[in-house]
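The figures that follow rest on heavy atoms only: side chains count, while hydrogens, waters and symmetry mates do not.
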Amino acid sequence: MKYDFAAIEPKWQKRWEDGKVFAAADHSDKPKFYGLIEFPYPSGQGLHVGHPRPYTAMDIVTRKKRMDGYNVLFPMGFDAFGLPTENYAIKNHVHPAVVTKDNIAHFTSQLKMLGFGFDWDRVVDTTDPKYYKWTQWIFLQLFKKGLAYKATMPVNWCTSCKCVLANEEVVEGVCERCGAPVIRKEKSQWMLKITEYAQRLIDDLDGLDFIERVKTQQKNWIGRSTGAEVVFKATTGDDITVFTTRPDTLFGATYMVLSPEHELVKKWLPALKNADEVQAYQRAAASKSDLERTELNKEKTGVCLDGVKGVNPVTGREIPIFISDYVLSTYGTGAIMAVPAHDDRDWEFAKKFGCEIIEVVSGGEDVQKAAFTAKDETGILVNSDFLNGLTVKDAIPAITNWLEEKGIGAAKVNYKLRDWVFSRQRYWGEPIPMVWCGKCGWQPLPEDQLPLLLPEVESYEPTDDGESPLSKMTGWVSTVCPCCGGPAKRETDTMPQWAGSSWYFLRYMDPHNDNALASKEMLDYWSPVDWYNGGMEHTTLHLLYSRFWHKFLYDIGVVPTEEPYRKRTSHGMILGEGGEKMSKSRGNVVNPDDVVNAYGADTLRLYIMFIGDFEKAATWSDNAVKGCKRFLDRVWNLSEGCNDSLAHTPANEASIHKTIKKVSDDIEAMKFNTAIAAMMALVNDFYANGCSKGDLRTLLLLLNPFAPHMCEELWEAMGFAAAEGKMACQSAWPAYDESKTAASAVDMAVQVQGKLKGTIHVPVDSEEAVVVDAAKAVDKVAKALEGMEIAKVIHVKNKLVNLIVKPAK
RNA sequence: GCGGGUAUGAUGGAAUUGGUAGACAUGCGAGAUUUAGGUUCUCGUGCUUCACCGCGUUGGGGUUCGAGUCCCCAUACCCGCACCA
């Protein structure tokens with residue numbers, strides 16, 4: 001009989017689904033295992049071959065875990081709010097909810113076709129009101145704890161999407177999604193205080209089993225730096241607080257720089273002699289896009305404020321104050337003390353504007369020629385009164401203490417991480433459940449009014465003035481104040497796409513609960529996620545956001561663990577033939593449907609796992625797919641050629657035990673490519689040595705997580721299903737016997753002077769004398785030994801023997 | 001600029017603690033089966049003057065009996081961050 005994947009695969013998919021084989025049990029004596037992959041955005045294009053890479057990997061892991069005897073939760077869902085759906089709806093005049101429904105149906109059928117062992121009873125859809133009710137609920141809790149607030153601030157504004165973006169969504173000055181320039185715009189926005197969690201988000205990484213680059217990337221993004229805040233007086237009497245990581249260089253501060261947006265500049269403006277020039281600079285800075293700001297960062301610009309000076313608090317000297325866009329309004333205090341002798345940027349600015357450069361740390365080259373920035377023990381303080389003679393390391397705490405005693409400064413930690421801009425001026429998102437009352441201010445919607453449903457609108461187009469399409473729905477916008485009952489208005493912005501994905505893994509634990517986001521019992525049982533695989537591109541977005549929300553939920557007693565995910569791994573991208581990113585415009589997108597039709601889902605799964613190192617990018621190759629099909633054909637054909645014995649064929653015994661060990665270890669380490677290679681090698685052995693029913697049985701168990709349809713079919717055909725049930729249901733991952741993984745005899749390398757001369761076949765663990773005798777019998781060795789005597793023997797058991805020789809006397 | 005990573009046949013990629021480099025697969029070559037194509041099976045396949053010798057893991061040095069693996073220098077490519085004081 002031929003391997004008819006087109007008949008086999010739908011047959012088993014139906015049986016698995018009808019039998020609810022992959023349903024997770026809410027109560028079980030087995031240990032639990034929660035495996036998670038990032039749920040997809042259901043785009044109109046459907047799945048492409050990049051999607052199944054992480055899904056197949058986690059499917060393999062969870063199928064093996066089931067066979068190891070775990071109660072497994074392996075769920076799937078859809079992150080369905082988002083711009084592409086909304087844009088499609090605008091263009092084609094369909095409701096986004098309709099588009100979403102169709103796309104989800106399409107994705108679902110594609111996923112089922114690939115045979116993933118998802119628990120389909122637990123599917124979540126972030127656009128389902130029963131789901132986003134709880135997304136809104138979490139927002140209300142954040143608001144009640146003071147972690148959600150509305151603020152007017154310069155935000156990233158995408159000129160094409162007509163929408164604000166989070167810092168994390170701006171890549172190289174352009175919109176991550178559409179590539180249009182991003183500019184700064186003053187807008188009133190809902191913000192989430194993720195900065196309040198900055199330190200915990202760093203500290204708690206230590207206890208987690210995350211791949212190292214995820215940890216470093218998150219730490220760098222949060223960007224902790226320690227230093228001090230120092231208060232300078234201005235000649236106007238105002239205080240100017242600056243942040244510095246080098247308070248030790250205070251004596252060398254010869255000027256100050258404020259960001260163009262700094263409040264004091266506004267206050268001083270009428271009194272400045274060059275007010276026009278200052279205003280012109282402010283306008284220029286405001287109109288620059290982020291891209292322009294970064295591109296122009298080679299050349300420093302700025303304007304000196306004419307009419308006000310700062311006073312260095314330790315030297316008492318009056319120093320000039322500049323505004324410049326190299327000082328960011330959103331970091332620290334938006335103002336710096338400039339120490340050109342010991343900071344590259346200040347040095348560059350000072351050279352251009354002719355500011356004084358005073359050395360206060362000796363040990364470097366001439367500070368008139370370059371800044372000396374070393375922060376280690378090489379520098380000794382000079383020109384610094386009571387700090388003179390101290391190292392930089394000692395001077396920092398000394399001056400910080402001094403400042404604290406005088407009340408003009410204090411130690412301070414700053415983070416690069418900014419609060420999360422949480423409003424979007426778009427339709428297709430969760431409505432923010434807040435009400436504005438002229439008398440009472442912002443009021444949270446009472447929880448019993450959740451979910452606050454998205455109203456029907458006539459147009460989903462964003463407005464040019466930057467307001468959400470919801471703002472036009474006057475009937476919906478007008479409401480009553482939950483506090484005083486007077487007339488009030490609803491918030492018309494919606495939440496960003498990251499909202500729904502920040503807690504979806506919790507919903508899987510108890511997806512149909514109407515009284516809570518999930519019951520305490522289920523949260524206690526399933527938390528935390530044991531293994532979460534996802535893309536590196538989410539490291540500073542989804543992964544960070546969801547850790548933040550989870551910590552908040554922990555703090556208010558909703559979830560039982562401080563961290564949501566115990567282990568995090570990451571997969572590489574699948575590139576098109578030619579090594580380029582798959583994209584519609586390049587025309588190199590591979591559709592999984594086509595591969596399934598031509599070769600079957602098992603072949604596709606196997607190939608995607610065999611393609612290369614799971615963590616690295618891999619290039620698609622149509623040819624290489626055929627090799628995996630060939631392998632499955634060979635396994636299939638074994639079933640017709642094997643003998644009836646249930647015992648292992650003696651010649652295969654060692655290979656079988658070695659392969660069990662290899663496949664078991666490799667799945668845990670996500671080295672799927674070598675696990676498959678080992679099984680291929682085993683099949684080659686079976687062809688060479690003959691194969692018994694028992695040999696094939698073990699192979700099927702090992703191969704089942706990778707190619708489950710074919711394995712189920714053979715399992716049944718060979719009569720194992722009658723006694724043991726479906727492969728997917730039984731927990732009998734094969735065990736191996738370490739002592740049997742070694743053959744009774746081994747090939748050892750023979751070297752003379754470290755050069756390979758040949759190999760010998762000797763019993764395992766042979767003594768040195770035996771090995772040397774056997775080595776001497778090798779022709780090439782005998783030749784090399786002519787006229788020589790052995791000076792030294794290096795013997796590595798079962799590996800090699802190396803004879804060191806010298807001329808015989 | 002700073003931080004992290006990678007470099008192995010024609011190709012994708014393997015190589016516990018330093019111990020037979022190139023597993024496994026693709027491609028290619030030869031043969032068998034087949035009316036033929038495809039499939040399947042067998043054998044071969046790092047380079048080299050193809051027997052010997054020699055040379056081989058980006059390049060150059062070093063440590064070692066022995067280096068893809070460890071150390072130093074250089075080159076190329078990739079990723080992250082990028083005026084964060």
Scan [X] against the nucleic acid and name what it touches under 4.0 Å (heavy atoms): base, sugar-phosphate only, or nothing.
{"X": "K757(A)", "value": "nothing"}
{"X": "R634(A)", "value": "sugar-phosphate"}
{"X": "T539(A)", "value": "nothing"}
{"X": "T244(A)", "value": "sugar-phosphate"}
{"X": "D346(A)", "value": "nothing"}
{"X": "Q751(A)", "value": "base"}
{"X": "Y687(A)", "value": "nothing"}
{"X": "N684(A)", "value": "sugar-phosphate"}

Using a cut-off of less than 4.0 Å, is there contact between a side-chain N or O of [X] and OP1 or OP2 of [N]?
{"X": "R213(A)", "N": "rG3(B)", "answer": "no"}
{"X": "Y326(A)", "N": "rA85(B)", "answer": "no"}
{"X": "N220(A)", "N": "rC81(B)", "answer": "no"}
{"X": "N673(A)", "N": "rA14(B)", "answer": "yes"}
{"X": "S225(A)", "N": "rA85(B)", "answer": "yes"}
{"X": "R630(A)", "N": "rG27(B)", "answer": "yes"}
{"X": "K671(A)", "N": "rA15(B)", "answer": "yes"}

Rounding to 0.5 Å, atoms OG1 (T254(A)) and CE (M337(A)) come to a distance of 10.0 Å
Atom CZ of R547(A) and atom CD of Q218(A): how far apart are they, to the nearest 0.5 Å?
5.0 Å
For [N], give the paired nucleotide (Watson-Crick: N1-N3 plus N6-O4 or O6-N4; G-U: N1-O2 and O6-N3; both under 3.5 Å), or none.
{"N": "rU11(B)", "value": "rA25(B)"}
{"N": "rC81(B)", "value": "rG1(B)"}
{"N": "rU63(B)", "value": "none"}
{"N": "rC55(B)", "value": "rG46(B)"}
{"N": "rG37(B)", "value": "none"}

When you get a sec, tell me which of rA14(B), rG80(B), rA85(B) is the closest nucleotide to the side chain of V327(A)?
rA85(B)
Charged N-O contact under 4.0 Å between D248(A) and R246(A)
yes
Give a yes or no on whether a salt bridge exists between E615(A) and R213(A), defined as a side-chain N under 4.0 angstrom from a carboxylate O.
yes
Are a donor atom and an acceptor atom from the side chains of Y331(A) and S225(A) found within less than 3.5 Å of each other?
yes
Expressed in whole Å, how much space separates the [atom1] atoms belonging to [N] and [M]?
{"N": "rG22(B)", "M": "rG13(B)", "atom1": "C1'", "answer": "10 Å"}
{"N": "rU17(B)", "M": "rC71(B)", "atom1": "P", "answer": "14 Å"}
{"N": "rU8(B)", "M": "rU58(B)", "atom1": "C1'", "answer": "10 Å"}
{"N": "rG61(B)", "M": "rU75(B)", "atom1": "C1'", "answer": "15 Å"}
{"N": "rA23(B)", "M": "rG12(B)", "atom1": "C1'", "answer": "13 Å"}
{"N": "rA15(B)", "M": "rU69(B)", "atom1": "C1'", "answer": "10 Å"}
{"N": "rU35(B)", "M": "rA30(B)", "atom1": "C1'", "answer": "22 Å"}

Over how many whole Å does the gap from E212(A) atom CD to rG3(B) atom P extend?
17 Å
For T619(A) versus G576(A), what's the shortest heavy-atom pair and its separation?
CG2-O, 3.2 Å
Side chain to side chain donor-acceptor pair (under 3.5 Å) pairs touching residues 675-689 of chain A, sequence neighbours excluded, are R634(A)-N684(A), N652(A)-N689(A), S655(A)-D685(A)
Please confirm whether Y599(A) and F5(A) have ring centers closer than 6.0 angstrom.
no
Output the residues of residues 794-803 of chain A in contact with RNA chain B, where contact means a heavy atom of the residue under 4.0 Å from an atom of the strand; sort by number or write none.
I794(A), V796(A), K799(A), L800(A), N802(A)
